[in-house]
Amino acid sequence: MEREKAHAVIEAVLFAMGDSVEISRLAEVIEEDSGTTREILEEMSERYDKDNRGIMLTQFENAVQLCTKPEMYEYLVKIARTPRRITLTDTVLETLSIIAYKQPVTRAEIERVRGVSCDHAINKLLEYDLITELGRLDAPGRPLLFGTTEQFLRSFGVKSLEELPELNPVQVEEFKQQAQAEVELQLDV
């Protein structure tokens with residue numbers, strides 16, 4: 001493998017792994033011996049230093065890791081302190097609304113209300129810590145029960161579920177019609 005490509009391959013592997021990788025494993029990947037791989041790693045390390053980059057190679061006994069240079073920590077702290085902005089799609093918001101108003105609720109109950117699968121929406125809501133698993137329903141198959149979290153309350157600026165706005169019957173009917181239209185669209189595809 002040519003030298004520049006070996007640099008790129010090692011860099012990609014170290015970046016993707018995010019942890020230390022044994023030099024012998026890197027040698028296998030680039031199809032070189034350990035000595036040549038160590039030379040390539042030294043070249044990469046020198047390049048990171050010379051080019052005034054934000055990353056560096058940290059070498060341990062028989063492994064190496066791609067790391068942030070210590071002088072970059074202050075910038076990492078600035079970004080780490082900034083809360084992650086969450087964008088909720090209409091589908092995810094609908095699913096969250098159903099959970100908030102009907103909790104504890106099973107996936108099947110949510111899908112019955114929406115009329116479509118909600119796997120993606122539930123996974124996103126779990127990832128964003130807006131919902132949590134509350135346990136299992138005492139029924140055949142023991143389905144999971146979902147409910148909202150404290151993070152949900154913080155995100156929507158309410159102290160308790162009692163502060164959620166009441167749904168009027170007209171809105172409920174509109175939601176049902178929208179869900180039905182969504183189902184019909186998917187059936188036509």
Side-chain angles (χ1 to χ4, degrees), residues 11-21 25 54-55 58 63 65-70 72-189:
E11 186 176 59
V13 168
L14 293 174
F15 176 79
M17 296 303 290
D19 207 349
S20 64
V21 177
R25 290 187 64 203
I55 55 176
T58 300
Q65 182 174 358
L66 196 59
C67 299
T68 305
K69 287 183 177 176
M72 297 296 145
Y73 289 168
E74 69 179 277
Y75 304 105
L76 291 175
V77 168
K78 287 179 183 178
I79 196 82
R81 283 191 189 151
T82 306
R84 191 171 90 186
R85 185 162 166 77
I86 297 173
T87 304
L88 301 176
T89 63
D90 289 345
T91 301
V92 174
L93 270 174
E94 282 177 21
T95 304
L96 180 58
S97 297
I98 293 165
I99 294 168
Y101 283 98
K102 293 183 65 76
Q103 65 186 305
V105 63
T106 65
R107 185 182 309 262
E109 290 173 299
I110 298 165
E111 290 175 351
R112 198 172 309 119
V113 172
R114 288 206 63 243
V116 293
S117 173
C118 62
D119 290 341
H120 172 74
I122 287 176
N123 289 337
K124 279 292 177 196
L125 292 168
L126 287 166
E127 177 186 332
Y128 296 150
D129 192 33
L130 294 173
I131 66 169
T132 188
E133 296 173 359
L134 297 176
R136 294 191 174 271
L137 183 65
D138 191 16
R142 306 220 356 106
L144 285 170
L145 291 167
F146 296 99
T148 55
T149 62
E150 279 186 27
Q151 181 61 36
F152 165 80
L153 297 175
R154 276 192 294 277
S155 297
F156 288 90
V158 294
K159 291 184 176 65
S160 72
L161 295 174
E162 286 76 37
E163 290 184 22
L164 291 176
E166 287 189 36
L167 291 178
N168 69 42
V170 174
Q171 285 176 314
V172 172
E173 190 55 39
E174 285 176 8
F175 292 152
K176 285 181 182 177
Q177 288 173 359
Q178 288 172 354
Q180 185 60 39
E182 194 176 319
V183 170
E184 289 170 6
L185 264 174
Q186 289 186 350
L187 293 175
D188 291 340
V189 174

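Keep in mind the model is a prediction, meaning the values are calculated, not measured. Basis for what follows: all heavy atoms, side chains included, without hydrogens, waters or symmetry-related copies. Note that the numbering runs from 1 along the sequence shown for the chain.
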Separation of [Y] [atom2] from [X] [atom1] (nearest 0.5 Å):
X	Y	atom1	atom2	result
Leu96	Tyr128	CG	OH	12.0 Å
Thr87	Leu93	OG1	CG	10.5 Å
Leu130	Thr95	CG	OG1	12.0 Å
Ile99	Ile110	CD1	CD1	4.0 Å
Leu125	Leu88	CG	CG	7.0 Å

| said: Could you tell me if the side chain of Val105 sits less than 4.5 Å from the side chain of Val113, heavy atoms only? | reply: no
| Does the side chain of Thr89 reach to within under 4.5 Å of the side chain of Lys124, using non-hydrogen atoms? | no
Is it true that, when you exclude [X] itself, more than 12 heavy atoms of the residues, nucleotides or ligands shown sit nearer than 6.0 Å to its [atom1]?
X	atom1	result
Met72	CE	yes
Tyr73	OH	yes
Asp119	CG	yes
Arg25	CZ	no
Glu150	CD	no
Lys69	NZ	yes

| said: Using modelled atom types and a 3.5 Å cut-off, is there a donor and acceptor pairing between side-chain atoms of Gln65 and backbone atoms of Thr58? | reply: no
| Side chains of Thr149 and Gln151: do they bring a donor and an acceptor to under 3.5 Å? | no
| note | All heavy atoms of Ala121 vs all of Thr91, minimum pair found to be CB-O, 4.2 Å
| query | How far apart are the C-alpha atoms of Glu94 and Arg114, what are their side-chain angles, what is the distance that settles it, and do they pass the salt bridge (Lys or Arg N to Asp or Glu O under 4.0 Å) test? | reply | CA-CA 8 Å; Glu94 282 177 21; Arg114 288 206 63 243; 3.0 Å; yes
| Do you know which of Cys118, Ser117, Pro143 makes side-chain contact (heavy atoms from CB on, under 4.5 Å) with Arg107? | Cys118
| note | When Leu145, Ile131, Leu161, Ile98 are each screened for side-chain contact (heavy atoms from CB on, under 4.5 Å) with Gln103, the one that passes is Leu161
| message | Does Phe146 form a side-chain contact (heavy atoms from CB on, under 4.5 Å) with Leu126? I'd like the steps, not just the answer. | response | CA-CA 9 Å; Phe146 296 99; Leu126 287 166; 4.2 Å; yes
